[in-house]
Amino acid sequence: MVNEFKIKQEICEVGRKIYAKGFAAANDGNISYRLNDKEVLCTPTLVSKGFLKPDDICKVDMTGKQIAGRKKRTSEVLLHLEIYKKNPAVKAVVHCHPPYATAFSVAGEEIPTCVLPEFEVFLGPVPTTAYETPGAQSFADTITPFIHTAKIAVLKNHGTVAWAETVDRAYWWTEILDAYCKILLIAKQVGKVERISEPKVKELLDLKERFGITDDPRRMQNADLCINTEFGRGFASPAPACGCGKPNPVEAAVASAMGNTQLPGGMSEADVERLVQEITDRIVATMKP
Ligand SMILES: [Zn+2]
């Protein structure tokens, strides 16, 4: 028999952690726990996760309809319910907006692997979902492909969602992922990101299996060990000279003139002269007020 009050206290405690860590600004984030196959406890909407009381926690059925609680349930409960419906082993879900992990999805970068041993053992590959507007079933559906092959996912341009047998564990996955992403981003500022060699990563995967964690998708699907090997080569493109965001007018005029001129294999002097004139005219045109 589950002690409902104890679970509510645990939800409040994890709420305080995600708020203190900066994973949930203002009223962001939501936490839930499946009591049985008909009832789920979840956090209310418009309440800071840093100041939750057990009495604030709501109860919903498996369709998201509120069945208990004096405050209105979170608008993102459908995301949680989707995970519970698809994976019966999951008891708890934590959704929040940890900044370092979220930054990868905003930049369109997959989370790289093969960098830190603990991350490989506890998490391994972390998928990124497709973008959808939060709240509706279409948003909840973006997590479906990953429910059985991961325990945390990055929600594209949004945040993270983690699932586990306890609220604490779902929080741990979130904290491990964000600490890892923070190290990656700092390392890239220091220089390049060096990876663990493939044989050593295989040793870590063996270790993982000995710990009883057998769900690493790289083993299950015989896939590449290292994900996003491009990450960490340093800053390939230099920062723009000014922050104005406008294209350089001279470069734009040259590109435009070149693009409009079909050059034959061998150019005559007259062709070159005409091209120079055209470029000059376009540069002068961009300089006129
Ligand atoms: Zn959110």
Side-chain angles (χ1 to χ4, degrees), residues 10-34 40-52 56-60 63-64 66 69 71-87 90-111 123 126-147 150-164 167-182:
E10 201 182 336
I11 291 174
C12 296
E13 189 52 40
V14 165
R16 274 188 278 283
K17 285 181 190 167
I18 64 169
Y19 185 72
K21 275 276 187 183
F23 294 175
N27 302 326
D28 288 352
N30 30 79
I31 305 161
S32 70
Y33 184 88
R34 172 169 32 197
V40 170
L41 292 175
C42 72
T43 48
T45 189
L46 298 175
V47 177
S48 168
K49 301 307 149 312
F51 304 93
L52 285 170
D56 293 331
I57 306 302
C58 314
K59 196 187 280 184
V60 296
T63 68
Q66 187 153 349
K71 292 193 171 156
K72 192 170 177 277
R73 57 94 162 152
T74 169
S75 59
E76 288 184 15
V77 79
L78 294 181
L79 174 72
H80 298 236
L81 295 174
E82 180 64 17
I83 297 169
Y84 294 132
K85 282 186 227 165
K86 296 282 155 59
N87 191 339
V90 176
K91 289 276 176 61
V93 176
V94 172
H95 161 61
C96 54
H97 307 158
Y100 295 99
T102 307
F104 273 84
S105 86
V106 171
E109 290 280 345
E110 275 191 276
I111 309 286
L123 291 183
V126 172
T128 302
T129 65
Y131 181 78
E132 254 306 333
T133 307
Q137 184 58 41
S138 53
F139 170 63
D141 290 342
T142 62
I143 197 67
T144 315
F146 312 111
I147 294 170
K151 43 197 166 202
I152 183 164
V154 182
L155 303 166
K156 174 73 180 152
N157 286 42
H158 184 156
T160 59
V161 61
W163 52 96
V167 182
D168 254 344
R169 280 197 188 182
Y171 170 73
W172 289 348
W173 309 149
T174 312
E175 192 178 283
I176 291 169
L177 174 62
D178 206 56
Y180 175 66
C181 291
K182 186 175 181 179

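Whatever order the structure lists ligands and atoms in, that order sets their numbers, starting from 1. What you see below is based on every heavy atom in this structure, not just the backbone, and it leaves out hydrogens, waters and symmetry mates.
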Colleague: Within the 3.5 Å criterion, strictly below it, is a donor on Glu82 or Thr144 matched to an acceptor on the partner's side chain?
Modeller: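 Yes - a donor-acceptor pair under 3.5 Å links their side chains.
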Colleague: Checking Phe139 now: which residues fulfil ring pair (Phe, Tyr, Trp, His ring centres under 6.0 Å) with it, not counting sequence neighbours?
Modeller: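 Only His158 meet the ring pair (Phe, Tyr, Trp, His ring centres under 6.0 Å) criterion with Phe139.
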Colleague: May I ask you to list the protein N, O or S atoms found at less than 2.8 Å from the Zn ion (ligand 1)?
Modeller: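 Listed by chain and number: His95 NE2, His97 NE2, His158 NE2.
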Colleague: Give every donor-acceptor pair under 3.5 Å between a side-chain atom in residues 17-28 and any protein atom, sequence neighbours left out.
Modeller:
unit_1, atom_1, unit_2, atom_2, d
Asn27, OD1, Ser48, N, 3.1
Asp28, OD2, His97, ND1, 3.1

Colleague: Does Lys182, at its NZ atom, have more than 12 non-hydrogen atoms belonging to other residues, nucleotides or ligands within less than 6.0 Å?
Modeller: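 Check fails, neighbour count at 12 or below.
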Colleague: If you compare all heavy atoms of Ala101 against all heavy atoms of Ile111, which two are closest, and at what distance to 0.1 Å?
Modeller: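 Closest heavy-atom pair between Ala101 and Ile111: O-CD1, 4.3 Å.
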Colleague: Side chain to side chain donor-acceptor pair (under 3.5 Å) with Thr133: which residues, sequence neighbours excluded?
Modeller: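 Applying side chain to side chain donor-acceptor pair (under 3.5 Å) to Thr133 gives none.
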